[in-house]
Every structure is written in structure tokens, then in C-alpha cells.
S.K.: 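Sharing a structure, written as C-alpha cells. Questions coming.
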Amino acid sequence: MARQYTLHRSSQVHASGIDYKTALNEEQYAAVSSPPGRALVIAGAGSGKTRTLTYRVAWLLDHQVDAREILLLTFTNKASREMVERVRELVPHDTSALWAGTFHSIGSRILRRHAEDLGFTKSYSILDRDDQKSILNSVIASLDIDTKQRRFPKADVLASIFSLMENTGVALTEIIASRYDQFYDWLEKIEEVRLGYIAKKLATNSMDFDDLLVLTVRLFEQQPDVLQLYQGRFKHVLVDEYQDTNSVQGRMIDLLAGERNSLMAVGDDAQSIYSWRGADMSLILGFPLRYPGSKVHIIETNYRSVPEILDLSNAAISANRGRFEKDLRSSREAQGTLPALVALPDPSTQAAFVAQRILELRDEGIPLEEMAVLYRAHFQSLEIQMELTVRGIPFAITSGLRFFEQAHIKDVSAFMRFVVNRRDEISFLRMVGLLPGCGPGTAAKLWAEWLKSGWSERVEVPPKWSDLFLKFKIPKKTAKHWEQLCYTLDELTPDGALAHPSQMIFSILEGVYADYLTASFDNAESRRADIEQLSQYGGNFDDVLEFLAQLSLMSSTDGEPSGERAAKDDEKVTLSSIHQAKGLEWKAVFLIWLVNGQFPNGRILEADDADMLEEERRLFYVALTRAKDELYLTYPMMNPKSYTGDIICRPSQFLEDFPAEMVEEWNVGNDDPWADDEPF
DNA sequence: GTAGCGTAGATTTTT
DNA sequence: TCTACGCTAC
């Protein structure tokens with residue numbers, strides 16, 4: 001009898017040795033192996049989006065694409081770091097010539113090389129929100145606006161308005177009319193401030209975050225030869241989180257892709273949650289139209305969540321209208337237990353429930369780092385933090401406080417920024433303002449004297465700072481400290497050259513800043529430790545420009561130096577806002593404060609805007625899809641400390657978007673007669 | 001002009 | 001809870 005035998009042809013062997021067909025599912029493989037051209041990959045939650053993108057890079061390298069021809073654009077620094085790391089693990093190729101980073105960091109890299117074409121120098125400073133506010137305040141002051149009679153928008157609000165304008169390309173009038181109606185009468189003055197702000201940025205050789213995108217696009221549009229340079233190099237452009245790109249970023253991608261280059265955009269329209277920052281979903285929804293002949297790949301197999309959780313997520317998002325139809329299927333077995341819906345009397349009981357359940361789950365074998373508590377806004381985590389602290393449960397929180405935005409970090413970098421960019425007024429004022437007896441008035445006078453010296457504009461290496469500065473008029477009280485400052489600055493530029501970043505930080509700390517710390521803060525010690533850590537981090541850089549750019553573009557949540565770093569090995573529960581939880585996953589997830597006015601957010605309910613509510617629902621969807629095995633939806637029935645006076649809470653309307661049978665309602669009893677008492 | 005103090009006001013999400 | 005601002009005393 002003849003024996004039936006099938007011969008399997010060995011898959012093609014690549015330099016990396018990866019067998020793509022085995023490593024990927026069919027949907028993923030189709031995207032990864034797609035021929036050069038335009039492709040949109042719609043990758044649902046938990047479907048291996050990062051895997052697809054990293055394997056695509058590996059695939060390209062395996063198919064004779066030079067690493068330097070690849071550009072990988074991501075939304076966060078963390079994402080880009082992780083992807084590059086994974087590619088490195090995957091392939092033997094040298095990937096150092098590959099460009100990977102956020103839109104902002106890639107923009108700054110390009111602008112650094114061509115700054116002169118736009119009226120800047122390559123040592124331009126990058127402004128964060130705080131710096132923007134200082135500039136705006138000084139512009140407002142110089143414009144002689146009567147802010148007493150009618151309320152003029154605060155610098156913070158103005159920054160948001162201008163930013164929205166830049167990122168969406170919508171005219172100022174329209175933005176004011178639609179979102180800041182109460183300032184409509186100020187329109188002309190606001191425009192004046194805006195022009196003043198732009199002028200000031202140019203004068204001080206500084207760019208804000210938006211400029212990094214806007215000016216890159218302008219550079220490309222005004223200088224075809226520059227555009228050609230980059231189009232010619234980046235034959236393969238890959239974009240992560242495409243659903244969160246805004247119109248400027250979209251334009252930047254279009255320009256880089258040009259007529260010929262390959263473009264692969266990966267995203268999930270259902271997870272677009274950054275429209276408040278200008279993200280424009282129509283970019284991903286309209287991709288097939290904007291790139292005729294493009295291929296759309298849909299990846300619908302979810303490897304993360306059990307079917308019970310995935311079904312709930314699918315049901316929750318289906319209330320939204322503007323989206324690609326897709327049907328996420330779980331690859332996992334049904335568990336038989338449903339997500340829990342837990343109503344609790346008040347916020348502190350909610351916290352108690354979460355804490356207790358965390359301990360029980362740990363006893364059941366789920367480690368703490370596989371659990372997360374998610375919420376709409378950071379302040380909603382307060383009771384949880386207290387409760388976890390009381391019970392001694394360790395937790396890690398990615399709070400709003402960012403390492404690089406803390407005052408002492410910014411103080412130190414002001415010194416560096418000034419010696420690098422001698423037109424940086426903000427940094428100068430900040431630096432001299434640290435000296436005792438030197439307030440805004442004296443600082444401004446010193447700046448004027450500095451401008452008069454002419455050295456701020458001259459390109460050649462300055463002589464010793466001390467030679468220049470010691471001639472300035474200084475109040476008696478400040479004289480000694482001023483002298484000390486001068487010698488410190490001399491140390492930053494030995495022989496006219498820029499010192500090494502960590503050396504600079506050390507000089508600043510020892511020269512002037514240590515005294516200031518002890519005099520100004522009761523936690524001077526820990527701040528000092530932060531600065532020492534910063535100095536250590538500076539060791540990774542030779543170039544001060546590069547170091548300062550990194551500082552400005554990075555947030556602490558990216559996992560770089562943060563005070564708690566040492567204790568990282570400890571097992572910890574994660575507390576996170578939903579926005580920051582995007583892309584992450586845990587075995588057990590608690591989603592708290594599911595109350596109308598909290599989530600969905602009150603302002604959004606007030607605005608009564610269907611699109612905004614849909615985005616809020618996508619946020620809800622993102623939260624649900626973080627959970628692998630266990631999901632707890634909780635809400636308090638009363639909120640005695642409510643600012644709005646709504647003491648009785650209405651459960652979130654999102655809970656009505658799915659049938660009640662998809663969750664199991666838990667009735668939480670109380671066996672502690674003292675539980676209702678206020679803590680002491 | 002500066003520094004220290006008290007009060008009012010506000011609390012979404014981040015490169 | 002924290003921060004931004006205005007007032008007052010040096």
C-alpha cells in the first residue's frame with residue numbers, strides 16, 4: 001500500500017533566520033510581507049500591532065533594504081525605544097543607521113541640520129509649556145492689555161489655543177468661536193499676542209513643541225532640495241499609532257512618502273484618543289482615498305483578552321459610528337466568569353474594595369505587577385493611593401509630575417541652555433533669578449545689558465564670561481553671588497568649548513545651585529539626588545545639544561531617571577490614567593470612577609458634542625481592552641466631596657452601551673461596623 | 001524692587 | 001491638595 005507523504009518545502013531562509021510564516025499569523029504575515037507601496041494596517045487592540053511593525057522592519061532588512069533607508073515614526077519615546085530594541089533582538093543587521101523616534105524628535109533632528117534656513121541657529125532651545133507661559137506673559141505685559149476690565153485669557157489657555165491652531169491648521173477666529181467663545185471680543189489682541197509670541201521665539205532662537213512639526217513641514221515645502229534629500233533617503237516610512245496623528249504630522253508623512261516611497265501606517269481607529277491635541281481621525285479613515293491603490297490590512301485576532309472581556313469591549317465600542325468595521329476575535333478560551341460590575345457606597349469604599357480585591361488576587365497567584373487600577377484623570381486615584389498606603393500594598397504611579405519638568409531640573413538646565421544658546425532670554429532670566437536679591441526687575445536689566453554687549457548675536461566663541469559679566473551693574477546684595485555665577489559659567493565653557501554634559505551639571509551644582517537648594521527647599525537632599533542622577537544620565541551624551549534636546553522631549557513616564565528607579569524590582573500595582581495605559585496590558589484591571597461627569601468627563605457632557613463623546617467612548621474601550629483575564633468596573637453611588645454639588649452619582653452612561661448579561665453585578669456587603677467612620 | 005505671606009481658585013488627557 | 005496671584009513690609 002502506498003504511503004501518503006507530504007514534503008514541506010523549507011521556508012526561505014533569511015539572514016535573520018526568522019521563519020516569518022511560523023512566527024506570525026496569516027493576517028500579520030500578509031501585512032509584514034506586503035510588497036513595497038502604500039499600506040494601511042488596521043490592527044485591533046491586542047492583535048500584535050507592535051509585533052507586526054517590528055517584524056516588518058526585520059522583513060525589510062532581510063530583503064536587502066539598508067537600515068538607513070528606514071524611518072520609523074512613533075507616538076512616544078518609549079514606543080520607539082522598545083521597537084528598536086525588539087528589532088535588534090530579531091535581526092543580526094546593524095540597525096544604527098535606522099532613524100526611529102517620535103515625530104517631535106525626528107523633527108528636531110532634521111531642524112537641527114537646517115535651522116539656518118529658517119532663521120534659527122542649530123543651538124535653538126526647545127520650549128516646554130512652562131517656558132511658553134513665561135514668553136506669553138512677557139508678551140502680554142509688553143502689549144499693555146487691560147486685563148482688569150474684562151478677563152483676558154491666561155498664558156496657559158493662550159498656549160492651548162495657539163497649539164490647537166498649529167496642530168489642526170484651523171484659523172484662530174474659528175477656534176475662538178467654536179471652543180473659546182467667551183474670549184471672542186479679545187480676538188484682535190489675542191492675534192497680536194500670537195504674533196508677538198512668534199517674534200519672541202525667533203528673537204530668542206527657541207522653538208516650542210509645535211514648531212518642531214510645523215517648521216519641519218515648512219522647511220520641506222519651502223526647500224524642495226531639502227525635501228528631496230530626505231525623500232531620497234527614507235525609501236521606507238513606517239508610522240505607528242497612525243490614528244493619533246494630526247494634520248501637521250499627516251502632512252509630514254505625505255511629504256516624506258512623496259510619490260514613490262513605501263509607506264506603512266499602523267493604527268486602530270477605535271483607539272484614537274488624542275483629538276484634544278489635534279489628532280485627526282479622518283487621516284486614518286481617509287487613508288485609502290488619499291493614497292489610491294493602497295492596500296488595507298485588517299488584523300482582527302486578539303491574543304490578549306479572554307472572550308468575556310473582548311465581547312464586552314466590542315459591544316461597548318459598537319455604539320460609535322465613525323470607524324472601520326471590524327470584528328475582534330479572541331484566540332483564547334472562554335473562562336466562564338464575566339467581568340464584574342461593582343457599585344459601592346462612596347469613593348473610600350471603592351478604594352477599600354479595590355485594595356482588598358488586589359490582595360485576594362495576589363493570594364490567588366496573580367503578582368502585583370500584573371494588576372492595574374485605571375482612571376480617567378489623575379486626581380481620581382487619590383483615595384486609592386491612600387488606601388494602598390494604609391494597607392502597605394506597594395504601587396507605582398505615573399503621576400502628572402514629570403521628572404524633567406520639576407523646577408530644580410529646569411533650573412540646572414537653564415544654565416546649560418544659556419551657554420549653548422546665547423539668545424535664550426527665558427533661560428537667562430531663570431538662571432539669574434536664582435540669585436538672592438535678584439528679582440524680575442534686576443534680571444531684566446541684566447538681560448538688557450547682555451544684549452547691549454552684542455555678544456548674544458555673535459557667532460564666535462565668547463571670551464570668558466567673567467570678563468564680560470563682572471562689568472555689569474549689580475545690586476550690592478547680589479554681588480557676591482553674581483561673581484560666583486560668572487566663574488561657574490566659565491567652567492561650562494573651558495577655553496571657549498562646551499564642556500561635557502555631566503561635567504556641566506556638576507559645576508552648576510557645586511558652583512551655585514547647591515546653596516540655593518538648601519536655602520529654598522525643605523527637601524533639598526532629594527532634589528540634590530535628582531540632579532546627581534541627571535548628571536549621571538548626561539554621561540550617555542557627548543553632545544550638549546543632543547542632551548538638552550532629549551531633556552526637553554522626554555517625559556519621566558518613558559522610564560528614564562526617576563527617583564524610584566532603584567526600587568523597580570519590587571512587585572508593584574500600577575496606577576495609571578487610561579491615556580498613559582495605552583499599549584499596555586495586565587492580567588487584572590480595575591477601572592474606577594465609572595460615574596457620569598467623571599467618566600465621561602463632565603466638560604465633555606456639558607459640551608454636548610457627539611464627536612467628543614465618541615472619543616470618550618474610545619477611551620473607555622482602550623481601558624477595557626487592557627485586561628487579559630479579570631476586569632472590574634467600579635463606581636461609587638455617592639460622592640460627598642463633589643465640587644459640582646452632585647452628591648448622588650449617576651452610573652456612567654457607557655455602562656448602558658452593552659447588555660447587562662455581559663457583566664456580573666457584585667453586591668458588596670460590609671462586615672465592619674466602623675467602616676463608615678471618618679478616618680482620624 | 002524683593003521677599004514673604006495669605007487668600008482664592010482650580011483640578012483631563014501629553015510630545 | 002497645590003499653585004498662582006496680590007498685598008504688605010522691608
Side-chain angles (χ1 to χ4, degrees), chain A residues 73-80 101-108 126-130 132-134 137 147-148 151 154-157 159-160 163-164 166-167 207-214 241 244-246 248-249 272-279 374-383 385-386 398-402 404-405 407 433-445 475-478 519-520 549-558 576-582 593 597-607 612 615-616 618-620 622-623 641-644:
Chain A
L73 291 162
T74 63
F75 197 65
T76 62
N77 293 296
K78 191 169 144 213
S80 94
T102 61
F103 284 91
H104 293 87
S105 74
I106 296 293
S108 87
I126 298 174
L127 308 170
D128 67 11
R129 191 37 96 80
D130 231 42
Q132 292 188 59
K133 272 160 69 178
S134 315
N137 279 326
T147 57
K148 294 253 164 56
R151 244 180 141 66
K154 291 265 182 303
D156 215 11
V157 178
S160 299
S163 179
L164 200 60
E166 298 291 358
N167 284 306
M207 299 186 193
D208 61 27
F209 287 137
D210 304 325
D211 289 328
L212 297 178
L213 307 176
V214 173
E241 307 277 17
D244 285 323
T245 50
N246 61 38
V248 193
Q249 292 164 322
S272 170
I273 53 176
Y274 282 92
S275 76
W276 48 274
R277 231 173 80 185
L374 305 183
Y375 35 81
R376 175 66 175 87
H378 271 298
F379 72 86
Q380 295 171 342
S381 68
L382 252 152
E383 289 95 355
Q385 290 189 50
M386 294 198 296
T398 51
S399 83
L401 265 179
R402 312 224 223 139
F404 297 116
E405 279 175 11
L434 297 172
L435 305 176
C438 184
T442 313
K445 275 187 198 150
K476 263 201 220 90
K477 231 164 98 187
T478 315
S520 319
Q550 282 292 320
L551 270 199
S552 315
L553 294 171
M554 228 163 32
S555 63
S556 68
T557 47
D558 288 337
S576 169
S577 72
I578 302 169
H579 279 91
Q580 287 180 328
K582 190 165 91 157
W593 274 110
Q598 301 287 342
F599 192 20
N601 175 282
R603 293 182 185 192
I604 283 163
L605 288 175
E606 261 170 54
M612 285 165 82
E615 169 146 322
E616 200 76 352
R618 289 192 293 271
L619 195 59
F620 182 57
V622 168
K641 286 185 195 135
S642 167
Y643 290 99
T644 53

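All heavy atoms count here, side chains included; hydrogens, waters and symmetry mates do not. Note on naming: letters A, B, ... go to the chains in the order of the sequence lines (proteins, then strands), and numbering restarts at 1 for each one.
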S.K.: Closest approach to the side chain of A/Phe379, judged atom by atom: which nucleotide of B/dT13, C/dA4, B/dT12 is it?
M.R.: B/dT12
S.K.: Counting N and O atoms only, with roles assigned by atom type, does the side chain of A/Asp211 sit under 3.5 Å from a partner on the main chain of A/Asp208, one being a donor and the other an acceptor?
M.R.: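 Answer holds: yes.
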S.K.: Strictly below 4.0 Å: does A/Ser577 bring a side-chain N or O up to OP1 or OP2 of B/dT14?
M.R.: yes
S.K.: Determine the Euclidean distance between corresponding P atoms of B/dT13 and C/dA4; express it in Å to zero decimal places.
M.R.: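 Rounded to whole Å, the distance is 15 Å.
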S.K.: Could you tell me which residues satisfy side-chain contact (heavy atoms from CB on, under 4.5 Å) with A/Leu382, sequence neighbours excluded, listed by chain and number?
M.R.: none
S.K.: Less than 4.0 angstrom between a side-chain N/O of A/Ser105 and OP1 or OP2 of B/dT15, yes or no?
M.R.: no
S.K.: Counting heavy atoms from C-beta on, name the nucleotide in B/dT15, B/dT14, B/dT12 closest to the side chain of A/Asn601.
M.R.: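 For A/Asn601, the side-chain atoms sit closest to B/dT12.
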S.K.: Detail all sub-3.5 Å separations between protein N/O atoms and N/O atoms belonging to nucleotides 3-9 of chain B.
M.R.:
{"from": "B/dA3", "atom 1": "OP1", "to": "A/Gly437", "atom 2": "N", "distance (Å)": "2.7"}

S.K.: Would you kindly give the CD1-to-C1' distance between A/Ile578 and B/dT14, to the nearest whole Å?
M.R.: 15 Å
S.K.: Can you check the A/His579 NE2 to B/dT15 C1' distance for me, whole Å?
M.R.: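 Atom NE2 in A/His579 sits about 13 Å away from atom C1' in B/dT15.
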S.K.: For A/Asn167 versus A/Asp210, what's the shortest heavy-atom pair and its separation?
M.R.: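 Closest heavy-atom pair between A/Asn167 and A/Asp210: ND2-OD1, 3.0 Å.
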S.K.: Partners of A/Lys133 by salt bridge (Lys or Arg N to Asp or Glu O under 4.0 Å), sequence neighbours excluded?
M.R.: none
S.K.: Hey, does the side chain of A/Gln580 come within less than 4.0 Å of B/dT14's phosphate (OP1/OP2), counting only N and O?
M.R.: yes
S.K.: Between C1' on B/dT15 and CG on A/Leu73, what's the gap in Å once rounded to a whole number?
M.R.: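 My rounded result for the distance is 13 Å.
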S.K.: Using atom NZ of A/Lys133 as one end and atom P of C/dC5 as the other, report the distance to the nearest whole Å.
M.R.: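 A/Lys133 atom NZ is separated from C/dC5 atom P by 8 Å.
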S.K.: Between B/dT13 atom P and A/Asp156 atom CG, what is the distance in whole Å?
M.R.: 12 Å
S.K.: Among the candidates C/dC5, B/dT13, B/dG1, find the nucleotide nearest to the side-chain atoms of A/Lys154.
M.R.: C/dC5
S.K.: Taking CG from A/Leu127 and P from B/dT15, how many angstroms apart are they, rounded to a whole number?
M.R.: 17 Å
S.K.: Categorize A/Phe103 for me: base, sugar-phosphate, or nothing, with a 4.0 angstrom heavy-atom threshold over every strand shown.
M.R.: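 Answer is nothing: A/Phe103 stays at 4.0 Å or more from every strand.
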S.K.: From A/Thr76 OG1 over to A/Glu241 CD, what is the distance, rounded to the nearest 0.5 angstrom?
M.R.: 7.5 Å
S.K.: With sequence neighbours left out, what residues match A/Ser108 under side-chain contact (heavy atoms from CB on, under 4.5 Å)?
M.R.: A/Tyr124, A/Ile126, A/Leu212, A/Leu553
S.K.: For A/Gln598, give me all partners under side-chain contact (heavy atoms from CB on, under 4.5 Å), at least two apart in sequence or on another chain.
M.R.: A/Phe379, A/Gln380, A/Trp593, A/Val595, A/Asn639
S.K.: Nearest heavy atom decides the nucleotide; on that basis, is A/Thr442 or A/Gln132 closer to the 5' end of DNA chain B?
M.R.: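 The answer here is A/Thr442.
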S.K.: Between A/Phe209 (CZ) and B/dT15 (P), how many Å, whole number?
M.R.: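 Interatomic distance, CZ of A/Phe209 to P of B/dT15: 8 Å.
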S.K.: Tell me which of A/Met612 and A/Gly441 sits closer to the 5' end of DNA chain B, going by the nucleotide each one is nearest to.
M.R.: A/Gly441
S.K.: Roughly how many Å is it from CG in A/Leu213 to P in B/dT15, rounded to a whole number?
M.R.: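 Distance check: A/Leu213 CG to B/dT15 P gives 13 Å.
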S.K.: Hey, is A/Trp276 stacking on B/dT13? Ring centres under 5.5 Å, planes under 30°.
M.R.: yes
S.K.: How would you list, by chain and number, every residue that makes a side-chain contact (heavy atoms from CB on, under 4.5 Å) with A/Ser275, sequence neighbours excluded?
M.R.: A/Glu615
